[in-house]
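The block underneath contains the structure these notes are about, expressed in structure tokens.
Numbered from 1 within each chain, the chains take letters A, B, ... in sequence-line order. From a predicted model like this one, the values you see are computed outputs, not experimental measurements.
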2 protein chains.
Amino acid sequence: MAGRRGEGDEVVTASPKKTAEPPAETVADVRERARAIPEAAVARLAVYLRVLSGMAEQGVTTISSEELAGAAGVNSAKLRKDLSYVGSYGTRGVGYDVEVLVSHIERILGLTRKHSVAVVGIGNLGHALANYGGFPSRGFPVAALFDIDPDLTGVPVGGIPVHHIDDITSVCAEREVSIGVIATPPQAAQAVCDRLVSAGVQCILNFAPVVLQVPDYVEVRKVDLAVEMQILSFHVARRADEAAVDVVNGVGVDGVVIRP
Amino acid sequence: MAGRRGEGDEVVTASPKKTAEPPAETVADVRERARAIPEAAVARLAVYLRVLSGMAEQGVTTISSEELAGAAGVNSAKLRKDLSYVGSYGTRGVGYDVEVLVSHIERILGLTRKHSVAVVGIGNLGHALANYGGFPSRGFPVAALFDIDPDLTGVPVGGIPVHHIDDITSVCAEREVSIGVIATPPQAAQAVCDRLVSAGVQCILNFAPVVLQVPDYVEVRKVDLAVEMQILSFHVARRADEAAVDVVNGVGVDGVVIRP
DNA sequence: CCGACTTTGTGCATACGTTCACAAGCGGTA
DNA sequence: TACCGCTTGTGAACGTATGCACAAAGTCGG
Ligand SMILES: NC(=O)c1ccc[n+]([C@@H]2O[C@H](COP(=O)([O-])OP(=O)(O)OC[C@H]3O[C@@H](n4cnc5c(N)ncnc54)[C@H](O)[C@@H]3O)[C@@H](O)[C@H]2O)c1
Ligand SMILES: NC(=O)c1ccc[n+]([C@@H]2O[C@H](COP(=O)([O-])OP(=O)(O)OC[C@H]3O[C@@H](n4cnc5c(N)ncnc54)[C@H](O)[C@@H]3O)[C@@H](O)[C@H]2O)c1
């Protein structure tokens, strides 16, 4: 790593009583860095990873920040900064080795280990998720399905048997589920969430349009399609408003310049 | 509106030659404000709206920022700031009138008008979306479905007939589609997107794991479940790293205090 | 009508994220 | 080896978002 402040890899022998203000840099910093990656950058790293995997399949071995940024739909400076959080694995004047980059991003994202997924609520959405081949191939095997409906339990969906929600604790423990996906009706979501948490699941992906309450140590991400659509709707409205402003501008509100 | 700088609701007659530095506030500002709402705030407004609608159904007529913030899972100061972008419709010492707030948020989000949705790609996910009742009830009627598979076209899904993708332009125009949802395999997504744009659709919600290229005036939002899971995975890994640091800390790296 | 109490709305400080711009570093070439 | 052109990696400037803390503005009981 280039512009590091201190000098050399100062071993952990640490000076005795440095009560001075500027804190010394330690081993902790190496770990600390992972924590220092902005959430927004993490989301983009996942996108870069997908693009890079595609590149690798097409036989591309090296890629410049400019190219990768184009393919990922971001500014190249941002891309380089994002990659700098991961470490410095590029070659100046050349670019990045695709394989190397893939493996380092995978390491940072914790994809060196598989994360088993459990889907709760095997209705419209749950069926789609269970049948989807895109998760296992990316390191997220769907290890268990749950529903409360007795007509569904026992029947396999996408090759995986559906368990009754009451068995959630034992099955999750047995299959080492680390991610729980909630696809139940909103009324049931909080209760399901609580059961997942009790079962030791610390990561939850929630499709139900409710705000889940969880302990601090549990990470929740939500996918709310109605919210997405409302954001789109907002932009439509905003655009209409701007058009209206332009009209007013054209008509000319006396003397008042809108954008000089 | 409370803390407004100027005085009274200065009508649009605009003072003659105020070339002074502090720019006068005009009609444009009212419109301007909509544009000034941070994207993050817009997403939260949609959540507040959902919570408020639920409250209204339960007969709640008034709510304080503290209560609403709790229900929406955010800090109350943030909530109040978000609402201040919409305008000042609360009553100090009392709180917000639920109905009033709902209607103002709806106005800002452009929900006073319906936004017809077209879903393209009626596979696993497309079926789930077409069958989902949550969209029409929130002002987003599903007006058309499209697929390339001749076996699917003509057959109704969720009460809506599936059209062939080749009819996309005429059908979208006829049904005044304003939001296009892409649920096709990734390989087809860019082509489908281009067709939607040609058909005049300016808002796109993309489920395919690809980065879409669109003209500036088109708004795209993506839902990428694998990315969501990878973000969760990152947090798991980060947590494991922190635990490792704590162990090192416990063992005691001589003299170096990690967090004093 | 007053004064105690509650809750909003926002100025300000801080933290976070993005973008610019350029020195540092590398491969290739003479 | 010395130079050149290209691309990375990162300080620093900027812009945006968050959260605190408190004055302003309202309600309500007496
Ligand atoms: N279908 C979509 O396209 C879509 C889109 C956006 C959001 N959502 C949300 O996703 C969730 C699921 O949607 P859906 O269309 O699949 O609903 P659905 O009604 O088709 O399926 C829900 C399933 O959950 C099961 N269930 C109910 N209570 C349960 C409990 N306590 N424990 C376990 N399982 C339980 C039901 O038996 C049913 O099989 C809903 O919250 C919905 O709002 C769905
Ligand atoms: N199913 C899921 O749970 C899930 C989860 C995450 C992401 N996705 C993504 O969503 C998309 C759809 O997933 P799916 O599981 O429904 O796939 P699917 O294969 O079940 O369905 C795809 C549908 O698109 C149609 N199609 C193909 N090319 C088309 C074209 N050019 N024009 C119109 N229609 C066309 C096909 O006929 C098919 O009906 C994929 O990109 C997938 O990666 C799905």
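Arg92(A) has no side-chain polar atom (N or O) that falls below the 4.0 Å cut-off from OP1 or OP2 of dG28(C).
Applying a 4.0 Å cut-off to non-hydrogen atoms, the residues of residues 93-100 of chain B that approach DNA chain C are Gly93(B), Val94(B), Gly95(B), Tyr96(B), listed by residue number. Using a 4.0 Å cut-off on heavy atoms, the residues of residues 58-67 of chain B that approach DNA chain C are Ser64(B), Ser65(B), listed by number. Residues from residues 68-78 of chain B lying near DNA chain D, meaning a heavy-atom separation below 4.0 Å, are Asn75(B), Ala77(B), Lys78(B) in numerical order.
The ring pair (Phe, Tyr, Trp, His ring centres under 6.0 Å) test with His104(B) singles out one residue from Tyr89(B), Tyr85(B), Tyr96(B), and that residue is Tyr89(B).
Remark: Arg221(A) engages Glu39(A), Glu228(B) in a side chain to side chain donor-acceptor pair (under 3.5 Å) (not counting sequence neighbours). Looking at residues two or more places apart in sequence or on another chain, you find a ring-ring contact (aromatic ring centres under 6.0 Å, His included) between Phe135(B) and Tyr132(B). Remark: Glu219(B) pairs with Arg239(A) by the salt bridge (Lys or Arg N to Asp or Glu O under 4.0 Å) rule, at least two apart or across chains. Partners of Phe140(A) by ring-ring contact (aromatic ring centres under 6.0 Å, His included), not counting sequence neighbours, listed by chain and number: His115(A). Residues meeting the side chain to side chain donor-acceptor pair (under 3.5 Å) test with Arg138(B), sequence neighbours left out: none. Evaluation of the salt bridge (Lys or Arg N to Asp or Glu O under 4.0 Å) rule for Glu67(A) yields no partner, not counting sequence neighbours. Not counting sequence neighbours, the partners of Tyr48(A) by the side chain to side chain donor-acceptor pair (under 3.5 Å) test are Asp82(A). The side chain to side chain donor-acceptor pair (under 3.5 Å) test applied to Asp97(B) returns no partner, not counting sequence neighbours.
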Which pairs of donor and acceptor atoms, one on a side chain in residues 50-61 of chain B, lie under 3.5 Å apart (sequence neighbours left out)?
unit_1   : atom_1 : unit_2    : atom_2 : d
Arg50(B) : NE     : Pro209(A) : O      : 3.0
Arg50(B) : NH1    : Asp224(A) : OD2    : 2.1
Ser53(B) : OG     : Leu49(B)  : O      : 2.8

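Rounded to an integer number of Å, the gap from Glu39(A) CD to dC16(C) P is 12 Å. Distance, Leu83(A) CG to dT18(C) P: 14 Å, rounded to whole Å. Between the CD1 atom of Ile37(A) and the P atom of dG17(C) there is a distance of 11 Å, given to the nearest Å. Summarising the geometry, the separation between CG on Leu79(B) and C1' on dC20(D) is reported as 16 Å, rounded to the nearest angstrom.
Looking only at atom types and distance, the side chain of Arg107(B) has no donor-acceptor partner in the side chain of Thr112(B) under 3.5 Å away.
Each of Thr91(A) and Lys81(A) was matched to the nucleotide of DNA chain C holding its nearest heavy atom; the match closer to the 5' end belongs to Lys81(A).
Nearest to the side chain of Arg80(B), among dT18(C), dT8(D), dT8(C), sits dT8(C).
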